[in-house]
Amino acid sequence: MFSVRDLWRRHKRKIFISFGVLGSGYCLYKLYGAHRNRLDALERELSFQKEGEELMKAQMQAHFENIQRISDTITLVHAMHNLNCRISEELDLSQLLERLIQGKGQPNTLTQAEKLNLWDRLKILSFTRLALSVWATTMISLYTKVQVNILGRHLYIDTARSLGSSDSMETGDGVDRENQQKFLGSVDFLSQYGLPSLICDMEAASKEILKGKQLSGLFNSTALHETIMQILYKFMSMGSPHSWLKYMMPEDVISHSTSTRKDKRVPSGVTESEQLMVEAQAVLLSAEFGSIVEISLKGVVDTLVELMAAKFKGGSVITGMPLARVLPQVAQMCPSLLEAPEKNQFIQIIRNIPEVELFFTLLYANMPNA
């Protein structure tokens, strides 16, 4: 019989190999298990991270939509209403028209020189009011979009911080509701404070462009379009570059913005709402914003002239008519430019211009972190 020693001597190599295979298999199993556990942990971490990102996106979208809703249904509505009332008060043409009608019915009440002076005044103020309404509606519409994008970007950053750090809500970096409302309410600066100087400068531009146009001269849609655009371009080029900002923002905010651009730091004592306005001003001063203002103004004037041609078919500017007969039509179109946003087709035209949509998409995506 074979002894155990003989059996071991004859099969020890096979036994070692078998144990080696079993040991290697066990080690591989343990390594695989550890690797599998790490993968499972990584997958759970990625899943939590994805859920956090989805939550952040949902919260950001909810915040953004809320700001957009407030801007469209409250801020812009209030701003357009105030602007309409103030322009109607400051550029009321009814007295001029009444005196001209009275002079026509009672020839001896006005001298020829007085009649000519009244007609000339009506010509200048009619185009002043029309061009001013075009410019103000365009700027208010674009400015409120800038506000929404700035606040949306701040809220995106604040939401990201709140999800990334348990104590981020205690850092005080978020834009509180009071400062949001102050910032959105700054759009009323134009109607409350900026309008008198805006009227004065727009009237000066209108006088310059209209001085060679006679009341008896034929005026068609092309001439009307060119005249309005010339007044707007003349107005925008008056004074120093971007001098029109004084109609939209207080002087102290403009000064803060100048200081910020020079030393790259926010001056001490600047409130959070003022800092938001400084950011808005930086957008308004950009060359890209200047381009979309020009595109938007042209889009509004294009639509305005088309609507005038359609509305006054009996005496259309398409074929040409004396400028004196065009003036009542010009005056009648002004209120439509300042209608409430939900009825104002000019605001919708501005916001649907492809270049405008692209500008605000890029603005939101490329805005620097707060």
My understanding is that only residues two or more places apart in sequence, or in another chain, count here; which of them pass side-chain contact (heavy atoms from CB on, under 4.5 Å) with Ser296? Thr138, Leu142, Ile350, Ile353, Val356
side-chain contact (heavy atoms from CB on, under 4.5 Å) against Asn117, all qualifying residues, sequence neighbours excluded: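 Listed in chain order: nothing, the list is empty.
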Partner set under salt bridge (charged side-chain N to carboxylate O under 4.0 Å, His left out) for [X], not counting sequence neighbours:
X      : answer
Lys115 : none
Arg99  : none
Glu89  : none
Glu90  : Arg86

Taking a hydrophobic cluster as the set of Ile, Leu, Val, Met, Phe, Trp and Tyr residues connected by side-chain heavy atoms closer than 4.5 Å, whether directly or through intermediates, do [X] and [Y] fall within one such cluster?
X      : Y      : result
Ile349 : Ile295 : no
Ile209 : Met238 : no
Val326 : Leu307 : yes
Ile140 : Val77  : no

Does [X] reach the side chain of [Y], with side-chain heavy atoms less than 4.5 Å apart?
X      : Y      : result
Met249 : Leu284 : yes
Pro322 : Gln214 : no
Phe219 : Arg325 : no
Phe346 : Ser141 : no
Trp135 : Met236 : yes
Leu285 : Leu245 : yes
Asp176 : Glu272 : yes

When you measure from the side chain of [X] to the backbone N and O of [Y], does any donor-acceptor pair fall under 3.5 Å?
X      : Y      : result
Glu274 : Thr271 : yes
Thr75  : Gly185 : no
Asn344 : Ala340 : no
Glu357 : Pro354 : no
Ser88  : Asn84  : yes

Out of curiosity, [X] [atom1] to [Y] [atom2], how far, rounded to the nearest 0.5 Å?
X      : Y      : atom1 : atom2 : value
Gln275 : Ile150 : CD    : CD1   : 9.5 Å
Leu338 : Lys343 : CG    : NZ    : 14.0 Å
Cys200 : Tyr247 : SG    : OH    : 8.5 Å
Gln281 : Met248 : CD    : CE    : 11.0 Å
Gln95  : Leu100 : CD    : CG    : 12.0 Å
Leu151 : Arg153 : CG    : CZ    : 13.0 Å

Please report the shortest heavy-atom distance between [X] and [Y], naming the atom on each side.
X      : Y      : value
Ser273 : Asn179 : N-OD1, 3.2 Å
Leu93  : Ala331 : CD1-CB, 3.9 Å
Thr144 : Arg351 : OG1-NH2, 3.1 Å

Before you tell me yes or no, could you show the steps for Glu355 and Ser291 under side-chain contact (heavy atoms from CB on, under 4.5 Å), namely the whole-Å CA-CA distance, both residues' side-chain angles and the distance that decides it to 0.1 Å? CA-CA 9 Å; Glu355 292 87 348; Ser291 297; over 6 Å; no
Mind checking what makes side chain to side chain donor-acceptor pair (under 3.5 Å) contact with Ser216, not counting sequence neighbours? none
When you check the gap from the basic side-chain N to the acidic O, do Glu294 and Lys298 get nearer than 4.0 Å? no
Go through it in stages, so that I can follow the logic: the residues are Val148 and Phe360, the test is side-chain contact (heavy atoms from CB on, under 4.5 Å), and I'd like the CA-CA distance, side-chain angles, deciding distance and then a yes or no. CA-CA 10 Å; Val148 168; Phe360 284 108; over 6 Å; no
Kindly indicate, with the supporting measurements, whether the criterion side-chain contact (heavy atoms from CB on, under 4.5 Å) is fulfilled by Glu339 and Met80. CA-CA 7 Å; Glu339 282 186 321; Met80 292 302 296; over 6 Å; no
Partner of Ile87 by side chain to side chain contact (heavy atoms under 4.5 Å, CB included), out of Asp92, Leu132, Leu337: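 Testing Ile87 for a side chain to side chain contact (heavy atoms under 4.5 Å, CB included) against Asp92, Leu132, Leu337 leaves exactly one candidate, Leu132.
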What residues join Leu218 in its hydrophobic cluster, counting side-chain heavy atom gaps under 4.5 Å, either direct or through other members?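 Members besides Leu218: none; it forms no cluster.
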Inter- and intrachain pairs under ring-ring contact (aromatic ring centres under 6.0 Å, His included), touching residues 78-124, at least two apart: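 Listed once each, the pairs would be none.
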Pair Leu276-Lys182, side-chain contact (heavy atoms from CB on, under 4.5 Å): steps then yes or no: CA-CA 10 Å; Leu276 291 171; Lys182 284 183 180 179; over 6 Å; no
Criterion side-chain hydrogen bond (donor to acceptor under 3.5 Å, both in side chains) on Gln180 and His154, from CA distance to verdict: CA-CA 10 Å; Gln180 289 180 32; His154 273 271; over 6 Å; no
Per-pair distances, 0.1 Å, donor-acceptor, side chain in residues 186-198, under 3.5 Å, sequence neighbours excluded:
residue	atom	partner	partner atom	Å
Ser186	OG	Tyr143	OH	3.2
Ser186	OG	Gln147	NE2	3.2
Ser186	OG	Phe183	O	2.5
Ser191	OG	Asp188	O	3.2
Ser197	OG	Gly194	O	3.2

Report all side-chain donor-acceptor pairs from residues 121-130 shorter than 3.5 Å, counting only partners two or more places apart or in another chain.
residue	atom	partner	partner atom	Å
Arg121	NH1	Glu203	OE2	2.6
Arg121	NH2	Glu203	OE2	3.4
Lys123	NZ	Asp120	OD1	3.3
Lys123	NZ	Leu210	O	3.2
Lys123	NZ	Lys213	O	3.0
Ser126	OG	Leu122	O	2.7
Thr128	OG1	Ile124	O	2.7
Thr128	OG1	Ser206	OG	3.2
Arg129	NH1	Leu91	O	3.3

Let me check something: any side-chain donor-acceptor pairs from residues 227-235 under 3.5 Å, sequence neighbours excluded? List them with distances.
residue	atom	partner	partner atom	Å
Thr227	OG1	Ala223	O	2.7

